[in-house]
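Worksheet: the structure to be examined is printed underneath.
What you are looking at is a predicted structure, and each value in this text was computed from that prediction instead of being measured.
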Amino acid sequence: MEYNELEKIRVEKIHRMRAAGIEPYPTRANVTHTCRAAIELFESAEAKGDPTLPEITLAGRLRSIRPMGKLIFAHIEDGSARLQLFLRVNEVGENKLEELSEYYDLGDFIEASGTLFRTRTGEISLRVNTFRMLAKAITPLPAAKDEIVDGKVVRHATLSDPETRYRQRYADLAVNPEVRQIFRTRTAIVRALQEFLDKNDFLEVETPILQPIYGGAAARPFITHHNQLKQDLYLRISFELYLKRLNVGMFDRVYEIGRDFRNEGVSFKHNPEFTQLEFYMAYADYLKVMELTEQMIVHVCDKVLGARRFPYGDHVIDVTPPWRRLELRQGILDVTGIDIDQHPTAESLAKTMHAKGMNFNPNYPRGKLIDTLLGDYLEPTLIQPTFLYDYPRDISPLAKAKPGNPAITERFEGFIAGMELCNAFTELNDPLDQEARFIEMGNTYAEDDEERNPIDIDYLRAMSYGMPPIGGFGMGIDRLTMLLTNQRTIRETILFPHLRERDE
RNA sequence: GGGCGCGUAGCUCAAUGGUAGAGCAGUGGCCUUUUAAGCCAUUGGUUGGGAGUUCGAGCCUCCCCGCGCUCACCA
C-alpha cells in the first residue's frame with residue numbers, strides 16, 4: 001500500500017502507540033450494549049425515575065472529536081446508532097486524556113466505559129471512566145464533518161462521487177447511513193418474498209449456476225471452463241429450465257432467489273449479474289399467477305414499507321389490487337394507433353411503422369418489432385402497476401399458446417413506473433410443441449448469434465416424462481428494490497456493482 | 001460501440017489563457033457542557049495520464065484512462 005501524507009501520520013501513530021505499550025489492534029472487545037440499546041436503557045430508566053445506572057461499555061467508530069481543554073466531547077457510531085462521549089479529566093485522568101489527542105483520529109474504532117447521563121443541552125451521553133483503542137484507522141473516512149440537527153445527522157461535504165462510492169462501497173456505507181438503509185430494505189424485501197412464498201407452500205431450492213447448456217432467456221452468456229472435466233460451462237442466464245424439471249419431479253411449487261449472469265450492456269437498469277426471483281406453480285395458469293403477483297407485491301410493501309403507496313421519482317405508485325390489466329395488442333393500439341393483428345407479417349408491420357416515422361431495426365422478425373413498439377411507446381406510459389398480457393408466440397418460446405389462437409401465448413409482464421418488473425406465463429408443457437419451438441427459434445437466429453440458445457435435449461426429456469400445467473414467474477429483485485427505495489439506477493441497489501477495471 | 005458532459009488537496013468545491021485557492025479534515029498551540037464548538041498559527045497539489053498550440057495551459061487542440069447521462073443493444 002502506498003500511503004499519502006495524512007495516512008503516514010497515522011501509521012506513525014501506530015508505531016508510537018506500540019512503543020508506548022499500547023496495542024492499536026487488541027484481539028478482543030468487551031461490549032455490553034449497542035449504542036441504540038444504551039439510549040433505550042437510559043430512556044427507560046429515566047421514565048421510571050430510576051437514578052441508578054450501571055456502568056456500561058460501548059464500542060464504535062469515532063465520528064467526531066471536540067476537544068475543549070480538559071474536557072472532550074466526541075461521538076461514536078456503531079451499526080445501531082450514534083452516541084456522545086463525555087470525557088473529562090476528572091474521570092479519565094490527565095494522562096489518558098492526552099492519549100486521546102496524541103493517538104486517536106476520526107474513524108478509529110474505540111471502546112469506552114462509563115455511565116449514561118444527559119448533558120446540559122439534553123443529549124444522552126456516556127460519562128467516560130476509561131476508553132481504549134480497538135482498531136486504528138489509517139485512511140481518513142471520506143466525510144468532512146457531521147452536524148446533529150434535531151437529533152438527525154447532517155453531513156457536510158460527504159462522499160458523493162459515484163465512482164468512488166461504488167468502487168469503495170465500504171467507505172460509502174461507513175459514512176452514508178441512507179445507503180446502508182437501502183441495503184437493509186433490500187434484505188427485508190427478499191425476506192418478505194420468501195415469507196410470502198413459503199406461506200403459499202412453495203419450496204425454496206437451489207439449481208446449478210454453472211450449466212453445460214444455458215437457456216430460459218434470450219441473452220448472451222458468460223463462458224467458463226472446468227479444467228479437470230475439460231468442459232466449457234456457462235453461467236446461467238435464468239433458472240427456468242431447471243426449476244420446471246423439479247415440477248416434473250413432483251415438487252409442485254418451487255422458487256429460487258439467486259444470481260443470473262448476462263453478458264450484455266451495462267446501464268441504469270442492467271448489471272452483468274443481477275438477482276432474480278423465479279417461481280413455478282403446478283396446476284396454475286398465468287391468470288392465477290397474476291393474482292398471486294399482486295398479493296405478493298402487496299405483502300412486500302406492507303412488510304417493508306408499511307404502505308401500499310410509495311413515491312417513485314415524480315410519481316406516487318399505488319400497488320393496491322387489482323392492477324390494471326391491458327391486452328398487449330390493445331395497449332399498442334392505444335399509444336401508436338397500430339393494430340398488430342392487422343399485420344400478421346414482419347413486412348407489413350415494418351411498413352406501417354416506417355410510415356409513422358418510427359425508428360426500428362428493419363431486420364427484426366415480427367415479434368421483435370412488436371417488442372420495439374412495446375418498449376419504445378407503451379412501456380414509458382405504464383406508471384401505475386399494469387399487467388400487459390398475451391404476447392406474440394415468436395418472442396415467447398417457452399410459453400403456451402392461447403387456446404384457439406396459436407400466434408398468441410398466455411404470457412404477461414408487469415410494469416411499474418415505466419419499467420418492466422416481472423415476466424410470467426402459462427408454461428409450455430407439450431414436449432412435441434416445445435421441440436418444434438426450439439427448432440423454430442434456432443432457425444430465426446443466425447448460426448453465430450450468441451442469443452441463439454442451444455437445444456436442451458435433457459429438458460425435452462424431462463418434459464417427455466410428463467410435465468403438469470404450470471404457471472411460471474420471474475422478477476428482478478434489484479429493480480423491485482429500485483422501486484421501493486426510490487432509486488434511479490440499479491447500481492444503488494447492488495452492493496458492489498460492476499465497474500470497468502481500473503489501473504491502480 | 002456512438003453522441004454529450006465531467007475528472008483540481010483526504011472530502012466538498014472555487015479559480016477571463018497570466019503567482020493554483022476556500023471550508024472541513026490534518027499538524028502545533030489556547031480552552032472543564034460542546035455539537036459543522038471557537039480562537040491563533042501552519043502543512044498539504046505531477047489540476048486523471050500523455051502529446052501539442054502559446055512568451056505563458058487547470059482553462060485551447062489531439063490521443064488515452066475512468067465515471068455520469070443518453071442512444072444503440074438488452075424477452
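- Judged as a salt bridge (charged side-chain N to carboxylate O under 4.0 Å, His left out), and not counting sequence neighbours, A:Glu40 has no contacts.
- Between A:Tyr391 and A:Glu413, the side chains place a donor N or O and an acceptor N or O closer than 3.5 Å (distance only, hydrogens not considered).
- The A:Asn361 side chain lies nearest to B:rC73 when the options are B:rG10, B:rC73, B:rA75.
- Residue-to-nucleotide contacts include no donor-acceptor pair under 3.5 Å from the side chain of A:Asp161 to the base of B:rU12.
- On a pure distance criterion of 3.5 Å, no polar donor-acceptor pair joins the side chain of A:Glu123 and the base of B:rU33.
- Remark: A:Arg18 engages A:Glu23 in a salt bridge (charged side-chain N to carboxylate O under 4.0 Å, His left out) (not counting sequence neighbours).
- Residues passing the ring pair (Phe, Tyr, Trp, His ring centres under 6.0 Å) test with A:Phe415, sequence neighbours excluded: none.
- Residues passing the ring pair (Phe, Tyr, Trp, His ring centres under 6.0 Å) test with A:Tyr234, sequence neighbours excluded: A:Tyr214.
- The partner of B:rC60 is B:rG52, judged by Watson-Crick or G-U wobble contacts that both fall below 3.5 Å.
- Side-chain N/O atoms of A:Arg66 include none lying less than 4.0 angstrom from OP1 or OP2 on B:rU34.
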Please list, for nucleotides 22-29 of chain B, all pairs of protein and nucleotide N/O atoms separated by less than 3.5 Å.
| residue | atom | partner | partner atom | Å |
| --- | --- | --- | --- | --- |
| B:rC24 | O3' | A:Lys145 | NZ | 3.1 |
| B:rC24 | O2' | A:Ala144 | O | 3.2 |
| B:rA25 | OP1 | A:Lys145 | NZ | 2.3 |
| B:rU27 | OP1 | A:Lys13 | NZ | 2.5 |

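- How far CZ of A:Arg66 is from CD of A:Gln84: 5.0 Å, rounded to the nearest 0.5 Å.
- Taking the ring pair (Phe, Tyr, Trp, His ring centres under 6.0 Å) definition, one finds that A:Phe42 meets it with nothing, sequence neighbours left out.
- Atom C1' of B:rC24 sits at a distance of 15 Å from the matching atom of B:rU43, rounded to the whole Å.
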Please tabulate, one pair per line, each protein N/O and nucleotide N/O from nucleotides 68-72 of chain B that are separated by under 3.5 Å, including the distance.
| residue | atom | partner | partner atom | Å |
| --- | --- | --- | --- | --- |
| B:rG68 | OP1 | A:Arg491 | NE | 3.0 |
| B:rC69 | OP2 | A:Arg491 | NH2 | 2.9 |

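- Considering only the side chain of A:Ser160, B:rC13 comes nearest among B:rC13, B:rU34, B:rC31.
- For A:Arg165, the salt bridge (charged side-chain N to carboxylate O under 4.0 Å, His left out) criterion is met by A:Asp172, A:Glu492, not counting sequence neighbours.
- Phosphate contact (OP1/OP2 of B:rC67, side-chain N/O of A:Arg167, threshold under 4.0 Å): present.
- At least one side-chain nitrogen or oxygen of A:Arg500 sits closer than 4.0 Å to the OP1 or OP2 atom of B:rC67.
- No hydrogens or angles were tested; on distance alone, a donor-acceptor pair under 3.5 Å links the side chain of A:Thr119 to the base of B:rU34.
- Applying the side chain to side chain contact (heavy atoms under 4.5 Å, CB included) test to A:Pro140 and every residue at least two apart in sequence or in another chain returns A:Leu6, A:Glu7, A:Arg10.
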